[in-house]
Amino acid sequence: MGVTGSALLDVDRIRRDFPVLERRLGDDRPLVYLDNSATSLTPSPVVDAMATYYNEYNANVHRGLHQLSQEASIAYEDAHDAVAEFIGADGREEVIFTKNTTESLNLVAYSWGLEHLGPGDEVVITEMEHHAALVTWQQIARRTGATLRYIGLTDDGRLDMSSASERIGDDTAVVSAVHVSNTLGTVNPVDDLVDMAHEHDAIAVIDGAQAVPMRPVDVGSMDADFYAFSGHKMLGPTGIGVLYGKEELLQRLEPFLYGGSMIEKVTFDESRWNELPWKFEAGTPPIAEGIGLHRAVDYLESIGMDRIQRHEEALVSYALERFDALDDVEVYGPRDPATRGGLLAFNLETVHPHDLAQVMNDFAVAIRAGDHCTQPLHDRLDITASARASFYVYNQPSDIDVLIDGIDAARELFIA
Amino acid sequence: MGVTGSALLDVDRIRRDFPVLERRLGDDRPLVYLDNSATSLTPSPVVDAMATYYNEYNANVHRGLHQLSQEASIAYEDAHDAVAEFIGADGREEVIFTKNTTESLNLVAYSWGLEHLGPGDEVVITEMEHHAALVTWQQIARRTGATLRYIGLTDDGRLDMSSASERIGDDTAVVSAVHVSNTLGTVNPVDDLVDMAHEHDAIAVIDGAQAVPMRPVDVGSMDADFYAFSGHKMLGPTGIGVLYGKEELLQRLEPFLYGGSMIEKVTFDESRWNELPWKFEAGTPPIAEGIGLHRAVDYLESIGMDRIQRHEEALVSYALERFDALDDVEVYGPRDPATRGGLLAFNLETVHPHDLAQVMNDFAVAIRAGDHCTQPLHDRLDITASARASFYVYNQPSDIDVLIDGIDAARELFIA
Amino acid sequence: MDLGSDIYRQQILDHYRNPRNHGSLEEPTFTHEGENTMCGDLIEMDVELDDDDVITSVAFRGDGCAISQASASMLTERLIGMSLEEVDALDRDDMIDMLGVEISPMRVKCAVLAEKVVQDGADIHRGKIDLDRTNLDDS
Amino acid sequence: MDLGSDIYRQQILDHYRNPRNHGSLEEPTFTHEGENTMCGDLIEMDVELDDDDVITSVAFRGDGCAISQASASMLTERLIGMSLEEVDALDRDDMIDMLGVEISPMRVKCAVLAEKVVQDGADIHRGKIDLDRTNLDDS
Ligand SMILES: Cc1ncc(COP(=O)(O)O)c(C=O)c1O
Ligand SMILES: Cc1ncc(COP(=O)(O)O)c(C=O)c1O
């Protein structure tokens with residue numbers, strides 16, 4: 001089948017942890033879930049960890065003195081430690097729990113951006129940014145009078161590094177780039193981008209929403225100033241995201257959301273802030289979700305992020321091979337599986353992606369169709385929408401075969 | 001026992017839905033959970049509803065075309081409808097899901113405040129505000145040059161309405177008040193405050209974090225412009241809060257967080273916003289949490305909010321009666337159970353509240369000790385901290401008896 | 001495999017593949033365009049009225065998914081002979097009935113785009129509203 | 001009821017009820033104050049040194065929970081005769097050992113406040129740091 005067996009995970013065993021994979025849809029077909037870039041499925045250990053919180057030590061955190069609150073506080077703080085270790089941060093001080101990647105990026109844009117940006121400053125982002133970064137920097141630039149500049153793309157959907165060199169200059173205040181594009185699959189050279197930003201005394205903000213689930217990430221060696229990702233895309237629950245920030249930057253940064261537990265002392269006239277990371281976690285935080293995310297991190301580590309990356313590459317490689325045999329399908333992004341994440345956006349000539357997704361649904365195949373929150377990139381590719389298949393730890397080569405069958409059926413249906 | 005039996009809920013039956021109440025602590029004593037104002041316990045139907053989402057239709061929303069995404073989208077949108085009906089809003093357009101009350105209030109302060117406030121404008125809040133409102137308006141006033149003014153309190157811990165009349169005037173741009181104080185228990189005359197704000201063309205923002213769990217709330221008849229509360233205090237999960245806003249106000253309001261799914265159209269240069277309420281829900285929302293909150297609302301409605309209010313009153317009334325017999329205990333806030341919520345903050349002379357909470361923990365009684373995120377109010381009361389017992393649907397008069405036993409034991413231990 | 005029994009009924013596929021009244025009119029009484037930004041569906045419609053405001057001919061062009069294009073094609077067939085009052089009375093259910101298949105909530109906008117375009121076009125023509133183009137996401 | 005077996009051991013209660021070295025010194029070599037804002041614990045300590053920088057007497061006053069006040073009282077007894085180098089070497093575990101009970105993570109700050117106050121006071125006295133008052137929440 002063209003798939004190197006040894007690169008693949010033990011999918012049969014992993015699938016047992018995902019009860020939703022037992023769903024049968026439509027004509028009694030087993031669910032083939034290929035919408036992982038939108039959100040991953042959630043294994044039982046993660047769901048159970050959250051239920052255990054609710055059923056055994058349901059309490060608010062912030063170091064209440066009673067037993068349940070102590071247990072919840074420790075579990076919630078431990079979750080920060082686990083995430084810090086998972087991404088190579090220096091400690092929990094550098095790990096802020098938000099509600100999603102989007103809030104993480106907004107936190108940076110509001111707290112850092114409103115304070116540091118002004119007319120004459122340039123915000124450099126890429127043409128392949130997700131709306132979470134693109135719209136946010138666009139609007140914060142507008143408010144502050146800063147200028148937004150875009151790093152262009154090569155024809156095969158990689159960042160044009162000569163364009164990057166042109167855009168990043170002495171007026172650059174911040175470089176914000178996606179680590180793995182959720183549409184092109186491109187794995188961007190974030191180490192280089194971070195270096196280029198730092199050479200010009202700009203900060204580097206990396207959107208890791210698609211990277212952290214798929215490959216080993218070390219924010220320390222990358223030297224990023226901020227790094228954002230979401231729990232729900234890495235086997236964790238909805239309602240939680242992460243913002244990594246360098247400790248010395250976070251120390252100096254003004255808070256974003258104000259309220260309980262991010263303060264140290266409040267009077268009618270003024271307030272002082274709590275220590276990191278709590279200074280950036282106002283109000284009752286996502287407690288169950290933090291505990292669930294911790295369990296998801298453990299689950300991913302028990303598989304091994306290196307092995308997950310190889311698994312993704314093997315599936316993409318097989319999918320590209322099968323797609324290559326279809327001459328009415330256009331696949332976007334780089335061809336080399338080693339330089340792309342485990343997702344493929346594509347279009348079938350003659351069949352609108354929405355129609356394709358609907359036909360796929362009859363095959364119990366879940367793919368996404370639309371603009372994947374990268375409308376400007378779609379404009380750039382001169383398309384209004386695309387279909388996208390994205391793979392994760394429970395996917396197997398036969399899922400790709402079902403996908404191809406669905407494409408064949410859709411073609412037949414619409415062209416016949 | 002001084003408790004009108006008929007006012008009480010069928011606690012035995014309700015308790016069966018809360019597995020955590022089977023916990024035994026310390027010396028093998030059954031948990032007595034009296035920290036409900038910090039967070040409520042979570043019944044099995046709510047935990048199950050979230051597990052069902054993860055185990056049966058785990059998907060992102062935003063109207064993906066595959067079956068799971070359709071099911072998740074409908075469930076998530078239905079949750080908005082259920083919450084809208086529960087609080088008397090006109091429809092889902094008026095119900096924004098945030099991560100907690102704190103974010104809800106920050107949303108208003110940032111989106112409405114940064115646009116409308118400036119030097120000369122006055123923000124009127126109360127001396128009993130929770131840090132979520134107090135710190136937020138304090139900081140947004142500071143940024144915009146607006147002046148913060150406080151409505152004072154009467155000696156028995158009610159709002160001083162003559163002070164309110166003085167503070168709210170033609171320069172007032174916004175009146176922000178807590179509905180039920182989480183420290184004094186006071187139920188504020190929010191209808192009057194809203195009217196006073198509107199008479200001076202100011203908007204009225206109400207913090208309902210403690211009110212919605214305890215009593216029927218109708219934002220429509222109250223005529224509040226914004227109304228904020230949290231899921232985790234009303235039997236729902238962590239990670240979700242609600243902001244109600246009047247539709248015409250929300251239509252005109254600039255978005256707060258930017259990103260996916262809050263947009264309608266994005267180009268490299270500009271963006272247009274999505275319809276309500278999605279314009280204010282950027283990124284992947286708290287999907288499982290919305291579904292859990294929906295189930296919590298159903299649970300509360302199946303009991304009946306009127307009956308819950310009477311239950312709270314009966315417990316407070318009994319607790320006040322027992323506290324009255326102790327002459328070394330000071331209880332803060334109004335005496336009349338009909339004008340206060342189901343919580344009591346107090347201090348035992350000679351025993352520091354932290355020590356009291358720790359002794360209580362030996363009795364398996366969970367109370368809170370500290371400043372309850374109302375430091376300025378504590379300063380005003382001339383104390384650094386207080387102990388707080390707060391009641392909910394699963395609490396019973398015997399829980400209060402155990403609380404009193406704990407107080408007696410603490411006194412003996414520290415004074416002997 | 002019985003895909004056709006569901007949303008892509010033969011009829012819809014037929015209209016999608018061979019759209020009726022496709023193209024443009026020489027001298028339309030009014031023309032109006034609308035889109036469904038989220039999905040990227042686009043419909044532009046030319047309408048010709050007689051002196052009694054009854055539709056005598058109609059043509060459309062557009063781009064988008066099968067539901068949006070087929071429903072436009074099917075609607076044009078029904079429009080001929082209709083008075084503008086009858087056009088006003090069309091609603092979402094008429095469109096779904098006309099398509100004759102179950103429309104998932106996610107695709108209702110695709111199904112009603114053509115209806116909104118002709119109704120907004122008629123309203124503008126009669127001076128009832130002032131609008132450049134219909135955008136379903138605004139509603 | 002055996003509460004005493006746990007955190008409120010007889011010793012702690014005794015020190016809390018009858019604090020040793022409570023009050024102030026006539027001519028302290030240095031005085032320093034510290035607080036634990038979150039809990040509202042406050043400790044102010046006077047220290048007198050001889051020419052070899054050995055503590056000859058010490059007194060404290062304060063307000064707060066039993067752990068913070070008893071640990072201050074117990075610490076003052078141990079400080080007498082200590083050199084400033086020995087004070088420097090005190091750490092969190094010494095305080096917890098001295099209390100002789102399990103300290104939950106939530107209350108560690110109460111247990112170490114007195115230690116931080118005397119250490120910061122000694123550092124200021126020797127010109128090592130510049131600080132108005134110790135605030136445990138800053139650390
Ligand atoms: C009156 C009041 N407002 C706001 C809040 C903050 O709620 P959350 O922590 O869920 O944001 C609370 C809860 O602590 C509260 O009692
Ligand atoms: C690259 C990228 N950035 C940001 C996001 C936004 O993540 P969330 O919706 O969890 O905020 C996504 C997911 O859609 C993404 O793929």
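Keep in mind that what you see is a predicted model, and the values were worked out from it rather than measured. Numbered from 1 within each chain, the chains take letters A, B, ... in sequence-line order.
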Quick check for you: to the nearest 0.5 Å, what is the distance between A/R149 atom CZ and B/F268 atom CZ?
14.0 Å

Among B/E56, B/E22, B/H62, B/H130, residue most engaged with chain A (heavy-atom pairs, under 4.5 Å)
B/E56

Where on A/N55 is there a heavy atom nearer than 4.5 Å to chain B: the side chain, the backbone, both, or neither?
both

Which heavy atom of B/H131 sits nearest to which heavy atom of A/G260, and what is that distance?
CB-N, 3.9 Å

Interface moiety of A/L134 toward chain B, non-hydrogen atoms closer than 4.5 Å
side chain

The single option from B/V20, B/T39, B/N361 passing side-chain contact (heavy atoms from CB on, under 4.5 Å) against A/L68
B/V20

Give a yes or no on whether a salt bridge exists between B/E71 and A/R23, defined as a side-chain N under 4.0 angstrom from a carboxylate O.
yes

Between B/Y258 and A/Y110, how do the two ring planes meet: parallel, tilted or perpendicular, split at 30° and 60°?
parallel

What part of A/L25 gets within 4.5 angstrom of chain B, counting heavy atoms only: side chain, backbone, both, or neither?
side chain

What side-chain donor-acceptor pairs closer than 3.5 Å can you find for residues 41-50 of chain B, not counting sequence neighbours?
residue : atom : partner : partner atom : Å
B/T42   : OG1  : A/N58   : ND2          : 2.7
B/S44   : OG   : B/D17   : O            : 3.4

Does a side chain donor of either B/Q138 or A/S271 reach within less than 3.5 Å of an acceptor in the other side chain?
yes

Using a 4.5 angstrom heavy-atom cutoff, name the option from A/P376, A/P286, A/G239 with the most pairs to chain B.
A/P376

Interatomic distance, B/R380 atom CZ to A/T267 atom OG1 [nearest 0.5 angstrom]:
14.5 Å

Euclidean distance, A/D371 CG relative to B/I263 CD1, rounded to 0.5 Å
6.0 Å

Between A/F256 and B/F256, is the ring centroid distance below 6.0 Å?
yes

Tested for side-chain contact (heavy atoms from CB on, under 4.5 Å) against A/K99, the lone hit among B/T284, B/N100, B/L257, B/I240 is B/L257

